[in-house]
Protein chains: 2
Amino acid sequence: MGAARTAGATAGRPRLSGSADGSPRQEIIREATALFIAKGYAETTMSEIARSAGLRQSSVYYWFARKEHILQALLEENRGSLQMAQALEPASGPAAARLYSVLHADAVQLCASPLDFYEFERVARSQPQNFGAFFEDYSELHRLAASIIRQGIDSGELRGVDPESAATAALSLNEGLQRHYRQPLPGLRTYTADDISTLSADTTLASLLRTTEALPDVRARAAELTAATGATDS
Amino acid sequence: MGAARTAGATAGRPRLSGSADGSPRQEIIREATALFIAKGYAETTMSEIARSAGLRQSSVYYWFARKEHILQALLEENRGSLQMAQALEPASGPAAARLYSVLHADAVQLCASPLDFYEFERVARSQPQNFGAFFEDYSELHRLAASIIRQGIDSGELRGVDPESAATAALSLNEGLQRHYRQPLPGLRTYTADDISTLSADTTLASLLRTTEALPDVRARAAELTAATGATDS
DNA sequence: CGCTGTTTCGATAAGCTATAGAAAGTCTCG
DNA sequence: CGAGACTTTCTATAGCTTATCGAAACAGCG
């Protein structure tokens with residue numbers, strides 16, 4: 001029941017394979033991330049993570065009592081998708097460009113994340129008590145997107161659709177498309193992360209704009225917003 | 001190396017728990033399907049399937065040498081998504097309505113399928129040699145959708161987008177949305193299969209149509225096509 | 001030098017997929 | 001009607017996984 005488990009460099013029984021460079025916890029997360037990227041979460045075993053980090057299989061459980069806790073720690077380091085939405089939802093200016101920015105940023109993050117969105121979701125669903133933050137983040141992003149869409153409808157920029165359904169469709173498109181970036185299906189073209197993000201935001205905005213002639217303008221204004229918001233926060 | 005393994009009613013060692021009703025193979029598929037629907041593929045064990053079908057765990061391996069083979073058999077019984085696309089791609093008439101029909105039918109099938117699309121894909125990817133049909137079907141559906149989109153662009157109904165990317169986005173939206181039907185995220189609204197299918201087809205067509213005012217008309221014509229094509233084939 | 005706290009190890013339980021070989025029937029043919 | 005072949009199910013077990021338990025090996029401190 002020790003409360004340490006944070007830095008830990010010299011204390012404790014020495015490892016069979018030399019000693020650790022830095023914090024074992026961070027080292028495990030780093031090695032696990034690399035393996036998750038290469039093979040996916042389900043296909044990566046605790047033995048492999050242990051071997052990469054230089055310990056025995058059971059020793060990993062001293063730092064993470066369950067395999068999902070590694071994923072959870074990894075998730076907490078990868079925040080920041082919401083920031084753009086939280087910054088832009090209450091902002092002034094055309095709603096269409098703000099929505100484009102939010103959707104594009106979300107797609108970029110989904111593609112850059114070490115883990116497939118659906119793999120995250122699968123684990124989160126099996127351990128709802130530990131992954132409450134995941135679901136809260138998601139529903140807040142959904143709420144913010146719906147709010148921006150509602151603003152756009154009120155201002156006349158966007159068609160009179162149901163904002164909630166439209167937000168669901170927009171996020172679903174991001175999630176569905178990130179898959180084609182991560183795991184290109186045989187026989188189909190491959191896409192870069194930027195291809196995917198632009199395709200997704202373009203498609204959603206084209207489906208919502210009253211006239212698609214406004215799309216190039218929206219895209220240009222969104223690029224400005226992204227640059228401005230990304231610069232101030234990071 | 002017996003070549004039987006098809007009907008098999010009375011031969012062989014009797015089961016501990018009474019005898020089978022019909023073909024053991026079919027019975028296993030049926031029970032497994034119910035379990036897959038209830039718990040998903042990965043969370044269903046061979047022991048559970050065996051118990052439901054009235055045999056011991058290892059006896060299932062007489063009929064299916066690997067767990068994935070049950071899924072494969074299940075997939076082969078669930079064909080028929082392509083039929084609409086194959087019927088409508090070479091058809092005459094407005095491309096927009098044909099595309100709407102195809103996308104709507106695909107979404108309905110994804111929602112009605114016993115297994116989540118992504119779970120199928122995950123298993124198919126791990127056994128590419130056994131699931132070649134899955135990838136072939138997918139890329140043919142993609143090809144047909146892109147072709148219809150191209151026809152729509154040529155005829156002036158649709159905007160001048162890249163047909164391949166647009167088809168990828170359209171199918172991705174279907175796949176992403178079916179997830180929200182199967183596994184509603186906590187805190188978000190739930191949708192019926194028809195909500196999802198209409199939302200998906202509406203969104204894609206709205207993003208592609210030159211003017212969204214044509215959408216109600218496209219939807220109406222698509223309903224006619226769906227009724228006609230579905231009736232002749234089934 | 002012994003005591004306490006920290007970290008790692010080895011051994012092992014329980015559950016999973018899959019295999020091997022014996023067992024228990026039916027079927028066929030002389 | 002009886003011997004052998006064939007079909008189907010069984011028991012037992014190997015090898016993998018996640019996770020737990022208690023002992024072992026070190027540092028620091030009085």
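Values in this document were obtained by computation on a predicted structure and should not be read as measured data. In what follows, chains are A, B, ... by sequence order, proteins preceding strands, each numbered from 1.
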Q: Using the salt bridge (charged side-chain N to carboxylate O under 4.0 Å, His left out) criterion, which residues pair with A:Glu136? Sequence neighbours excluded.
A: none
Q: Produce a footprint string for nucleotides 25-30 of chain C: one letter per nucleotide, 5' end first; B if the base is under 4.0 Å from any protein heavy atom, S if only the sugar-phosphate is, - if neither.
A: BSS---
Q: Excluding sequence neighbours, so at least two apart, what forms side-chain hydrogen bond (donor to acceptor under 3.5 Å, both in side chains) with B:Tyr41?
A: none
Q: Spell out protein contact along nucleotides 14-19 of chain D as letters: B when the base is contacted, S when just the sugar-phosphate is, - when no protein heavy atom is under 4.0 Å; keep the 5' to 3' order.
A: ---SBB
Q: Could you pull out all residues at least two apart from A:Tyr181 that satisfy ring pair (Phe, Tyr, Trp, His ring centres under 6.0 Å)?
A: none
Q: With B:Arg125, which residues qualify under salt bridge (charged side-chain N to carboxylate O under 4.0 Å, His left out), at least two apart?
A: B:Glu121
Q: Among residues at least two apart in sequence or on other chains, which ones pass salt bridge (charged side-chain N to carboxylate O under 4.0 Å, His left out) with A:Arg143?
A: A:Glu140
Q: To the nearest 10 degrees, what angle separates the axes at the start and end of the helix from C:dC1-D:dG30 to C:dG30-D:dC1, five pairs each?
A: 30°
Q: How would you list, by chain and number, every residue that makes a side-chain hydrogen bond (donor to acceptor under 3.5 Å, both in side chains) with A:Ser52, sequence neighbours excluded?
A: none
Q: Apply side-chain hydrogen bond (donor to acceptor under 3.5 Å, both in side chains) to A:Asp194 and list each qualifying residue two or more places apart in sequence or on a separate chain.
A: none
Q: Check this for me, if you would: do A:Glu48 and A:Lys39 make a salt bridge, where the nitrogen-to-carboxylate-oxygen distance has to be below 4.0 angstrom?
A: yes
Q: By side-chain hydrogen bond (donor to acceptor under 3.5 Å, both in side chains), which residues pair with A:Thr192, not counting sequence neighbours?
A: A:Asp195
Q: In chain order, what residues pass the ring pair (Phe, Tyr, Trp, His ring centres under 6.0 Å) check against B:Phe120, with sequence neighbours excluded?
A: none
